[in-house]
Structure formats: structure tokens, C-alpha cells
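Letters A, B, ... mirror the listed sequences (proteins, then strands); counts begin at 1.
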Amino acid sequence: MTAVELPGVDTTPHPPDDHLVLDVRDLRMRYGSVDVLHGVTFTARRGEVLALLGPNGAGKTTTIEILEGFRMRSAGEVSVLGSDPGRGDERWRARMGVVLQSWRDHGKWRVRDLLAHLGDFYAPYSTARIRRPCPVDELLDTVGLGAHAGKRVHQLSGGQRRRLDVAVGIVGRPELLFLDEPTVGFDPAARREFHELVHRLADLDETTILLTTHDLDEAEKLADRILILAGGRIVANGSPDELSRRVAGDAEIRWTRDGKRFVHSAADATGFVRDLLRQYSDAVQELEIRRASLEDAYMALVYEEESGVRAGAATRMWRQGSSDR
Amino acid sequence: MNPTVAAVRAGVQRGVIELRNTFTNAQDLWNYFFPTAALLTAMFFMRGSTVPGTSFSLGARTLPSALGMGLAFGGMLVLASQLVIEREDGTLLRAKATPNGMLGYLVGKIILMSTVALMSMFIQLVPALFFLDGLRVTNASAWFTLLWVAVLGLVATLPMGAVLGALIENPRNLGLVMLPNMGLIALSGIFYPINGYPGWLQGVAQVFPIYWLGLGMRSALLPDGMAAVELDGSWRHLETLGVLGAWAVLGLVLAPVVLRRMARRESGSRVAARRERAMQRVG
């Protein structure tokens, strides 16, 4: 099976790049006789925030676990921080952070003890550029747990626990951070605080972040680039804006004329409206133009992948996407 | 600083923190003291009976045997169950995500387990001295024997506990290991001498560390004359060294391989799957 003819996915070899933190080419994963990933290709530069979107079972977790070095791949070239994650040593491990979905581990530990303890493992990997680990009290304040430093972990609320997970993930000042559905169970305030934290990490520390989420709104807010994974392949790769603009061909125009409702989809919504108004001018009422949102783009792409239809909006999008370049 | 040294140091600290956590936790303290209290009660009522063929108190004979049993239990089963439980709750995955974290985790566990095992011995031994007579507690060579048997016992049982813990995927299957061990206690002459058992049963008992730990502890704390009612009529220190040493070698060879395999297979989705299963179990 070849997945390489997908336009918009760069398959030509390019020279090694110092700033390339993630370089994944034609990654394949097969469990028994079932292919879970059919040739996933993407890259991430230093300081970039990537959101990996996709329906359940699309292969998001498998992809992320391969990159974390927690799972062996079946085929493909993968470089994470310059090393093959299947052979990453502890020095390599020290440069990345993994935010795990904790459950009840270390319940008897005090928050501060746990963070300081895990931080100790990173001290030998401190460099002139990156001082490891993070000062614990500063970190606790950053994630909003300063007031809970002396509490036992099992006394924390769900949201507080997730923030502790994030703190554990970044205590070693990672250059690359993996976040698997980081805000599940957050209330809106915690979610906003978390988003600010992610921005701060990416902007100030130049941390590269790969996150998976089901929340499109969150992806739009956080990510520089969105990858949509469906059916084991990347079906879209671009900024949130690009993605929604690429299905802009499907902008929806609604209006009423003489008491009748009209709905029309047009690639060039502005041109269509211009013509419409020229033709009927005052008779057009309640004009409404709805541009495709990221959600529409996502739904269109995923639907097409899952139903096996490889025509329609997605193809249009690719065509437009490649002509953008 | 060398990363390995740093990890060992962090592991020692981990052990100390876990000790502090466990000794300030009511549930854990209950788990330590309740079996001790139960055993001491049993010995108290056995103090009047005598070991068959002697005039020595059966209670006083049970104390060292129970100390040996406690070591085997603490070393093997408690460590195994901790590994299974902490794999399920994600503690091990966290260690894996940390540079040299697995080394730190294991060092911490060894410190925790061996200290708890020795503490349990102590809280059993001290109160028992008040109502049991005939134990050799003022004798320096007794303490020396007690020490080497205890240390060798831990080296023989901890790695095997790690192997068991690494092989058991589902906490429910822990019972499968607990049960045979209960049977083994009955076979191993902890509460009553096994001289009357058929030879093949005695043979089975002598394959496992529990028997030898009990014997070793008895050799430390009982008067020399009591050796006469053991199998072969002797304390058999060389054999004790041999069998416990063989278990230690076996464990130390197997444990790194099995633990590495276990660590390699850990990932977020595996922990999530276990969590899912555990939730169904509870719900």
C-alpha cells in the first residue's frame, strides 16, 4: 500500500536540520495482521506546538508511544531529538518529558517530595544552556499547586492531579514534551491556565510540544500546526487557519428572497454574494455567510477517510493546499 | 555527577521517603502490627506446650520459625504484589519515563522492603522475649547467625519476588501465588516440626527458602540441643547456605532479564487498559 501520493505531505528527502526535533517518515505499525499506521510522515521544529487530532482508534496513541520510545514500530524512519526512539538511551530520555495520565500512583507521597524526587534524576543531565531540574517551588507555583505542596497526592482533586502530571512532565526542563489528552477532566478555568502554561513553555523555553486532543477548540488555541490522523495516515497537516481556509471552498451562504430561504455552497463566497446582490439587490434579506470552521474541516476529512471516499472536499483542499505553496 | 550514582542516591532517598510514608499511614501500620499481634498471641498460648521429644516450649520454637517465614513473605510476596500493583497504577511507567528511573525505583523498593522486613522481625522478637524462655538472645554468635540468615534470606527472596511480580499481569492472579505459599508454610515446619511427614513431603519443603529461613532462624535463637529434633539432627548451616544461595543466584540471574522485559512493555496505553479493567472490577 502506498500512501506517498498524498499531496501536501512532503516525501522528498531533505538535508538534516538541527532544528528538527521530530522527523517521522513513512512510519508503519502493524499488530498481527492489522495495520494501524500506514506510512505516517511529519516533522516538528524546535519550539513548535503540534496537535495530533483524530477519531478514536486512528493511531494517535500508537504514534505518540512510538515517539516516546515506549513501543517498537514495524517500519519507517523515526528521529526524535536526533535519535531513533527504539534505541534512545537515558541521556536522550532526559531531554524529553512525558505527561502521563496518572491514576493513583504515589498516592501517599507529598506533592513537593514527589516532584523533587523525580527532578533529582535529571540533575546529571544539566547543561550550560538548560539547567536541570526546574526549581521545584517555582514549578509548583507555575502549575498552580504552590498552596498544595505539602498535601498528599491522593488528597488532590482530579484537576490538581493532572496539573501535577504536567509538572512531573516538565520538571526535567524537556526540549520535547508529549501530552496525551492533557485537559481531560479540567474545568474551564483550569483549562485556560493550562493553555497559558503551554504557551509559556513553547515561547520562553522553546519546548517542542506534541499533544493529542479531541477538543478542536483547544487544538486551535494551542497548536501552531495541526495533524489530522485518520485510518492510520495523516490526512491533513497545516496551521488551524490553513486547514479551515482550505475547506473554505465550502463556505455556506444563506439568504431569503421574497420570503423564501436559499442555501448555497460556493468556493468563492465573496464573488457569489457580489453577483447575488447585483442581480437582486434589495430583495436579498438576512444574508449570512458561514465559513468552514476547523471543526467542519476535521469532520469532512475524517468522514472521507473513514467512508473511503477520496473525492470531494478533501481533494479540493489538497489541490488548494498544494497550489498555496 | 554520574547519572547512575545520582539515580542510586535518588533511589535511596526514595526508599527513605516511602518508609516515612508507610510508617505514617494508619492502614499500613495496621497491616504490619496485626499479623504480628496474631502470631504473638498464638505463641503466647503455645508457650506451655512442648516440642515433641523435648521439654522445650513450642512457643519459643515457633518464634524464630515465624521470623524466618516473615522474611520469606516480606521478601517475596510483598515485593511481588507491590510490583503488580504499582505496574497497574502507573508508578512503574513514571519510573520508565524518568532517566534511570527504573534503577532508582528498584533501589528504593529494595530499601523499603528490607527495612520493613527487618522492622517486622524486630517488633515480633522484642515483645516475645517477655513471655518466652530459652531463647539465646544474650549470645553474640546467635546475633551473628541471625544477621547472615536474614541478609541471605532477603537476597534469596527479593529477586524472586521481583520475578514473580514482573510475570503476574493481573493483580487478581496474585492469589494464585499466595495460596501455594500458604501451603508451603504448613509444609515448612514453621508452627510444628515436620519430622513426622513422609519423606517426599519433607523433600518438597526443602526445595523452597521458607524451610531454610525457619531453620536458620531457629539455629540462631534456640539452644544447640534443639538441633537434635531437626531433620538430620543438625542445624545444617552449609545446606542452608547452599539452598538460599542457589535461590539468590537464580533470582539475581532471572530478575534483571524479567524486569527488563517488563519495563520494555510498559506504556501509557497498557496502563490505561489495566485501569479500565480495574474499574470494571470495582464497578
Exercise for review: Considering only NZ, NE, NH1 and NH2 on the basic side and carboxylate oxygens on the acidic side, decide whether A/D35 and A/R30 come within less than 4.0 Å.
Suggested key: yes
Review point. Are the charged groups of A/R73 and A/E68 less than 4.0 angstrom apart, N to O?
Key: no
Exercise for review: Would you check if B/M76 and B/L158 make a side-chain contact, meaning some heavy-atom pair closer than 4.5 Å?
Suggested key: no
Exercise for review: Measure A/R95 against the heavy atoms of chain B and call it side chain, backbone, both or neither at under 4.5 Å.
Suggested key: neither
Exercise for review: Quick one: do A/D26 and A/R28 satisfy salt bridge (charged side-chain N to carboxylate O under 4.0 Å, His left out)? Show the steps, please.
Suggested key: CA-CA 6 Å; A/D26 200 24; A/R28 285 155 193 275; 3.1 Å; yes
Check your understanding: Given that the side chain runs from C-beta out, which part of A/V171 has a heavy atom under 4.5 Å from chain B: side chain, backbone, both or neither?
Key -> neither
Exercise for review: Specify the closest pair of heavy atoms between A/A230 and A/A58, including all atoms of both residues, with the distance to one decimal.
Suggested key: CA-CB, 4.1 Å
Exercise for review: Identify which of B/R264, B/E88, B/R20, B/E266 forms the greatest number of heavy-atom pairs closer than 4.5 Å to chain A.
Suggested key: B/E88
Check your understanding: Can you find a pair of side-chain heavy atoms, one from B/R274 and one from B/R87, that are under 4.5 Å apart?
Key -> yes
Practice item. Against chain A, work out which of B/A272, B/S267, B/A263, B/G268 has the most heavy-atom pairs shorter than 4.5 Å and name it. Key: B/S267
Exercise for review: Under 4.5 Å, counting heavy-atom pairs only, tell me which of B/D28, B/N2, B/V5 racks up the most with chain A.
Suggested key: B/D28
Exercise for review: Sort B/N25 into side chain, backbone, both or neither according to what part of it lies under 4.5 angstrom from a heavy atom of chain A.
Suggested key: side chain
Exercise for review: Could you look at B/R265 and say if it's the side chain, the backbone, both or neither that has a heavy atom under 4.5 Å from chain A?
Suggested key: neither
Review point. So what's closer than 4.5 Å to chain B heavy atoms on A/W92: side chain, backbone, both or neither?
Key: neither
Review point. Which of the residues A/G97, A/P124, A/G107 is involved in the greatest number of heavy-atom pairs with chain B at under 4.5 angstrom?
Key: A/P124
Exercise for review: Could you tell me which portion of B/L93 (side chain, backbone, both or neither) has an atom closer than 4.5 angstrom to a non-hydrogen atom of chain A?
Suggested key: both
Check your understanding: Quick one: do A/R161 and A/D105 make a salt bridge, cutoff under 4.0 Å?
Key -> yes
Check your understanding: With chain A, which of B/G90, B/A95, B/S269, B/G104 has the greatest number of heavy-atom pairs at distances under 4.5 Å?
Key -> B/S269
Study note, to complete from the structure: Residue from A/I64, A/D113, A/D180, A/D89 scoring the most non-hydrogen pairs under 4.5 Å with chain B is A/D113
**Study point:** A/Y31 atom OH, neighbour heavy-atom count above 12 within 6.0 Å
**Key:** yes
Review point. With only heavy atoms counted, which part of B/E86 is less than 4.5 Å from chain A, the side chain, the backbone, both or neither?
Key: neither
Point to revise | Leading residue by heavy atom contact count with chain A [cutoff under 4.5 Å; candidates B/A10, B/G11, B/G101, B/A6] | key: B/A10
Review point. Above 12 or not: heavy atoms from other molecules or residues under 6.0 Å from CZ of B/R9?
Key: no
